[in-house]
Colleague: 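Could you have a look at this structure, given as C-alpha cells, before my questions?
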Amino acid sequence: MPAHFTPSSRVRRSPFFDSTVAEGVTSFTVYNHMYLPTGFGDPMAEYWRLIEGVSMWDVACERQVEFHGPDAGRLAQILCPRKLDAMKPGQGWYAAICDHNGVLLNDPILLKLAQDHYWLSIADNDLLLWVKAVAAERSLDVNVGEPDVSPLAVQGPKAMGVMVDLFGDKVRQMRYFQFRETEIEGIPILLQRSGWSKQGGFELYLRDGSKGRELWNIIREAGAPYAIGPGCPNGIERIESGLLSHGGDTDAQTNPFEVRMGKYVHLDAPDDTIGIRALRQIADEGPKRHQLGIVIDSEEKLAAHDQRSTVFRGGEAIGMMTANAYSPRMQRNIGLSLVSVDLQPGERVSIDLPDGRRVAGQACELPFL
Ligand code: THG
C-alpha cells in the first residue's frame, strides 16, 4: 500500500476543505500548517483554465497575522524595511520582512485596515511568533494574534466578469492590492484585487470560518457562466511569471536583493526597522547571488519539480535551480534559479535534476512571460 498522510489536528483544515474534496482534489501539500490543494487530477486543464478562463483556489493557508492598537503603525514599520508613511487604509503592500541580518523571513502582503489595524497575509513560516516577540521586546501597545480569516482566490482573465456580476462595476476601479470590507449574501469578507498569478483576479478573505461551503458555492454559481472550475496556486504559471515562492526559491541565507525584491526595500527606512542596517550594507557591497531563469534544451516534456537541484557552469557548482516545469505557452522546460552573480543571462549551464537526470540549458532574465 502506498504511504499516506496521517491526519492530525496540528495540520489545520481550511473552511473550504470539504468543498475542495467534493470538487475532486487529488493532492495536497502543507503550507503554514494547513492543507493546501495542489491538484484536481488534470494539470493541463487547470493550467489553461487559469490562463484563458477563471479558476477558484482554496488559499486559506495564506494565514493572517493581525495587530491592532495604538502602536500598530510603529510595529508595521519596525517589521517592514519599506517606508510606510504614505500607506493608506484600504491599501495592501508587498513587504520583504527580514531578520536582523537582512535574511528574508517572509514576503507577505501588508494590509492596512485602519490607522491602528493591520494584517500580514503571510507566506509559509511561523511569522506570528516573530511578530509577537518583536511587539513584546519593543514594549509596544498592540494586540497580536490570528483572526478568523480565510482567503479564497478567483484568478484568470475572466475573474473580472465574475466579480463584476457579484459586486458591481466598481470593482473595475480597484488598483492592485487595494481592498474593501464588504459582504456577500450576509457573509463578511474583505475583497482584494490580488492573487498569486499574473493572470489577474481577486481574493475574497472570508471572515467567518463557518461559512466556507456557502462562500465556495456562491462563487461556483456566479462563475458558472464563465466555466469557472477548481484550481490551486499553479506551479507552471508562477514559474513563467517569476512569482516568488518563499522557502522554495529562498534558503536560510537569502536576502531580498537576491530574489528581485530590492524595489520593495527602502534603505532610508527608519533606523529601528529590523534588518535595515544589514540591508544597507548588502546593498552597498552588492548581493552575491541573483535569481535567473533557466531554459532547458530538451524539447521533450520533463517532469515538474518543486525541489532544488544543483546548477553547474562547466564543472563548477554555481547555485541551485529551485523549481522547474514544462511551459505549454513557451513549449519549453523552464526553471527558476538562485545562482552566483558570476553567472550572467545567456550563459550555458547544466543541471542535475532531482530525479537524477542531467540536462543542459541557458540562463535568462526573469520573468519568462
Ligand atoms: N495573496 C495573499 N496572501 C499571500 C499570497 C497571495 N500570502 C502568501 C504569499 N502569497 C505571499 N507572497 C506573495 C508573492 C508575490 C505576490 C503576492 C504575494 C505578488 N507579486 C506581484 C509580483 O511580484 O509581480 C506584485 C507585487 C507588487 O506589485 O507589489 O502578487 O498571493 N493574500
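For this chain, numbers begin at 1 and follow the sequence in order. Order of appearance sets the numbers: ligands from 1, and atoms from 1 within every ligand.
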Colleague: Quick one: nearest non-hydrogen protein atom to atom 2 (C) of ligand 1, plus distance?
Modeller: E62 OE1, 3.0 Å
Colleague: Does the plane of the ring in F28 sit parallel, tilted or perpendicular to the ring in F17? Use 30° and 60° as the thresholds.
Modeller: parallel
Colleague: Run down the list W119, Y176, Y264 and name the one with the heavy atom closest to atom 30 (O) of ligand 1.
Modeller: Y176
Colleague: Answer with side chain, backbone, both or neither: which part of I109 has a heavy atom less than 4.0 angstrom from an atom of ligand 1?
Modeller: side chain
Colleague: Could you state whether L104 and F257 fall into the same hydrophobic cluster, counting links through intermediate Ile, Leu, Val, Met, Phe, Trp or Tyr residues with side-chain heavy atoms under 4.5 angstrom apart?
Modeller: no
Colleague: Just which atoms of ligand 1 are under 4.0 Å from any heavy atom in G195?
Modeller: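 Matching atoms, with element in brackets: 31 (O).
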Colleague: Decide whether M174 and F167 are clustered together by the hydrophobic rule: side chain heavy atoms of Ile, Leu, Val, Met, Phe, Trp, Tyr closer than 4.5 Å, transitively.
Modeller: yes
Colleague: Just jot down the ligand 1 atoms closer than 4.0 angstrom to any heavy atom of K198, in number order.
Modeller: 21 (C), 22 (C), 24 (O), 25 (C)
Colleague: Honestly curious: do F202 and I228 fall in one hydrophobic cluster under the side-chain, below-4.5 Å linking rule?
Modeller: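 In one cluster: yes.
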Colleague: What atoms in ligand 1 come closer than 4.0 Å to a heavy atom of D107?
Modeller: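 The list of qualifying atoms is 11 (C), 12 (N), 13 (C), 14 (C).
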Colleague: Which protein heavy atom lies closest to atom 20 (N) of ligand 1, and at what distance to 0.1 Å?
Modeller: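 Here the closest protein heavy atom is L243 CD2, 3.6 Å.
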Colleague: Measure the spacing between OG of S298 and CG of L353 and express it to the nearest 0.5 Å.
Modeller: 9.5 Å
Colleague: Check for a donor-acceptor pair, side chain of D58 on one end and backbone N or O of S14 on the other, with a separation under 3.5 Å.
Modeller: no
Colleague: Do the ring planes of Y118 and F67 sit parallel (below 30°), tilted (30 to 60°) or perpendicular (above 60°)?
Modeller: parallel
Colleague: Kindly determine whether V339 and R313 satisfy side-chain contact (heavy atoms from CB on, under 4.5 Å), including the steps that lead there.
Modeller: CA-CA 10 Å; V339 289; R313 180 179 58 189; over 6 Å; no
Colleague: Nearest to atom 17 (C) of ligand 1, what protein heavy atom do you find, and at what distance?
Modeller: F177 CZ, 3.9 Å
Colleague: Under the criterion side chain to side chain donor-acceptor pair (under 3.5 Å), I'd like the reasoning laid out for S194 against E203: C-alpha separation, chi angles, the key distance, then a yes or no.
Modeller: CA-CA 6 Å; S194 55; E203 289 173 302; 2.5 Å; yes
Colleague: Determine, considering heavy atoms only, which of F179, W57, Y31 sits nearest to atom 9 (C) of ligand 1.
Modeller: Y31
Colleague: Heavy-atom contacts with I122 under 4.0 Å: which atoms of ligand 1 show up? List them by number with element.
Modeller: 7 (N), 8 (C)
Colleague: Which of the atoms of ligand 1 are close to E203, meaning less than 4.0 Å from one of its heavy atoms?
Modeller: 1 (N), 2 (C), 6 (C), 31 (O), 32 (N)
Colleague: Under 4.0 Å, heavy atoms only, figure out whether ligand 1 is touched by the backbone of Y94, its side chain, both or neither.
Modeller: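 Just the side chain.
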Colleague: With side chains defined as the heavy atoms from C-beta onward, is the minimum distance between L366 and L336 less than 4.5 Å?
Modeller: yes
Colleague: Has W93 got any heavy atom lying under 4.0 angstrom from an atom of ligand 1?
Modeller: no
Colleague: Report the part of Y205 (side chain from C-beta onward, or backbone N, CA, C, O) that has a heavy atom under 4.0 Å from ligand 1; answer both or neither where that applies.
Modeller: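 Contact part for Y205 vs ligand 1: side chain (C-beta onward).
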Colleague: Would you tell me which option among S121, P367, A95, A153 has the nearest heavy-atom contact to atom 3 (N) of ligand 1?
Modeller: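 Going through S121, P367, A95, A153 one by one, S121 has the nearest heavy atom to atom 3 (N) of ligand 1.
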Colleague: Among the heavy atoms of R260, does any lie under 4.0 Å from an atom of ligand 1?
Modeller: no
